[in-house]
Amino acid sequence: MSTPDMIDVPLYRAAHGRTGDKGDRSNISVIAWHAELYPLLVEQLTPERVAAQFQHRAPSQVQRFVLPKLHAMNFVLDAVLDGGVNDALNLDAHGKALSFLLLDMPIRVPRALEPLLAGP
């Protein structure tokens, strides 16, 4: 819930993403639009929160790798691609769209940083 000094926004307003896959593993990079937003992302995008965002895909493990010089993080999600490209009946067995699911996750941002956010 937003307060006078904080607002709730979807993650895509503070960062963009890139997704890759190998077998039944997906990796999702989250890159802050501005360096000033990066500490908020590190604080709020924990492996536990990311696992909860993907609970319907039932990842067996979520690992987070922080890349502070790039103002980015890389999340590795195991067992989220229904066996991978060769085994899945899923229409998106490559998992390319999984970054959109992560980027829709809500985060809290101080109103003072609102001018750094992308989009409306």
Side-chain angles (χ1 to χ4, degrees):
M1 176 183 2
S2 295
T3 64
D5 58 334
M6 299 290 282
I7 58 172
D8 297 324
V9 298
L11 176 57
Y12 66 80
R13 300 230 13 234
H16 57 101
R18 178 95 172 121
T19 309
D21 59 84
K22 187 64 83 176
D24 199 16
R25 174 180 280 174
S26 180
N27 80 62
I28 305 172
S29 295
V30 176
I31 305 100
W33 288 119
H34 294 277
E36 295 89 344
L37 296 169
Y38 181 66
L40 293 171
L41 302 182
V42 172
E43 177 186 318
Q44 296 182 47
L45 297 178
T46 63
E48 296 78 19
R49 272 199 81 206
V50 171
Q53 185 74 358
F54 287 91
Q55 68 183 0
H56 70 287
R57 306 287 303 208
S60 63
Q61 179 178 347
V62 175
Q63 299 175 77
R64 178 179 80 164
F65 301 92
V66 294
L67 305 161
K69 291 185 180 182
L70 299 175
H71 311 296
M73 289 178 278
N74 189 52
F75 292 92
V76 178
L77 291 79
D78 290 324
V80 293
L81 299 176
D82 298 332
V85 176
N86 294 326
D87 294 331
L89 297 176
N90 187 344
L91 291 176
D92 185 22
H94 288 281
K96 300 295 184 196
L98 293 183
S99 65
F100 293 106
L101 178 59
L102 183 57
L103 292 172
D104 198 41
M105 186 168 68
I107 62 167
R108 305 201 82 203
V109 177
R111 285 196 187 274
L113 296 178
E114 189 172 7
L116 301 177
L117 298 174

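You'll find the side chain of Leu77 reaches within 4.5 Å of the side chain of Phe54, heavy atoms only. The side-chain heavy atoms of Pro110 and Leu40, taken from C-beta on, include a pair separated by under 4.5 Å. Looking at Asp78 and Asp24, their side chains never come closer than 4.5 Å, going by heavy atoms from C-beta outward. Side-chain contact between Ile31 and Leu67: absent, with no pair of heavy atoms (C-beta onward) separated by less than 4.5 Å. Using a 4.5 Å cut-off on side-chain heavy atoms (C-beta onward), Leu45 and Met105 make contact.
The existence of a salt bridge linking Arg111 and Asp5 is excluded, since no basic side-chain nitrogen approaches an acidic carboxylate oxygen closer than 4.0 Å.
Taking the six-membered ring where the residue is Trp, His71 and Tyr38 present perpendicular rings, their angle passing 60° and hence far from 30°.
Phe75 and Val66 fall within a single hydrophobic cluster, where Ile, Leu, Val, Met, Phe, Trp and Tyr side chains are chained together by heavy-atom contacts under 4.5 Å. A continuous path of Ile, Leu, Val, Met, Phe, Trp and Tyr side chains, each step under 4.5 Å between heavy atoms, connects Leu11 with Ile7, placing both in one hydrophobic cluster. Residues Val9 and Tyr12 share a hydrophobic cluster, clusters being chains of Ile/Leu/Val/Met/Phe/Trp/Tyr side chains in contact below 4.5 Å.
Between the side chain of Arg13 and the main chain of Leu117, no donor-acceptor pair closer than 3.5 Å is present.
Separation of atoms CZ (Arg64) and CZ (Arg49) is listed at 11.5 Å; rounding is to 0.5 Å. Atom-to-atom distance recorded for Leu113:CG and His34:NE2 is 10.0 Å, nearest 0.5 angstrom. Atom CG in Asn27 sits 4.5 Å away from atom CG in Asn74 (nearest 0.5 Å). Of the inter-residue distances, the one linking Thr19 atom OG1 with Ile28 atom CD1 reads 5.0 Å to the nearest 0.5 angstrom. In this structure, CG in Leu102 is found 6.5 Å from CD in Gln53, a value given to the nearest 0.5 Å.
Met73 and Val42 make their closest contact through CE-N, 3.9 Å (heavy atoms, listed as atom of the first residue, atom of the second, distance). Across Asp104 and Pro10, no two heavy atoms sit closer than the pair O-CB, 4.1 Å. The heavy-atom pair separating Leu37 from Leu116 by the smallest distance is CD1-O, 3.9 Å. In this structure, Leu41 and Ala14 approach most closely via the heavy-atom pair CD2-CB, 4.2 Å. Taking both residues in full, the closest heavy atoms of Leu81 and Arg57 are given as CA-NH2, 3.7 Å, listed atom of the first, atom of the second, then distance. Shortest non-hydrogen contact noted between Val80 and Pro59 is CG1-CB, 3.4 Å.
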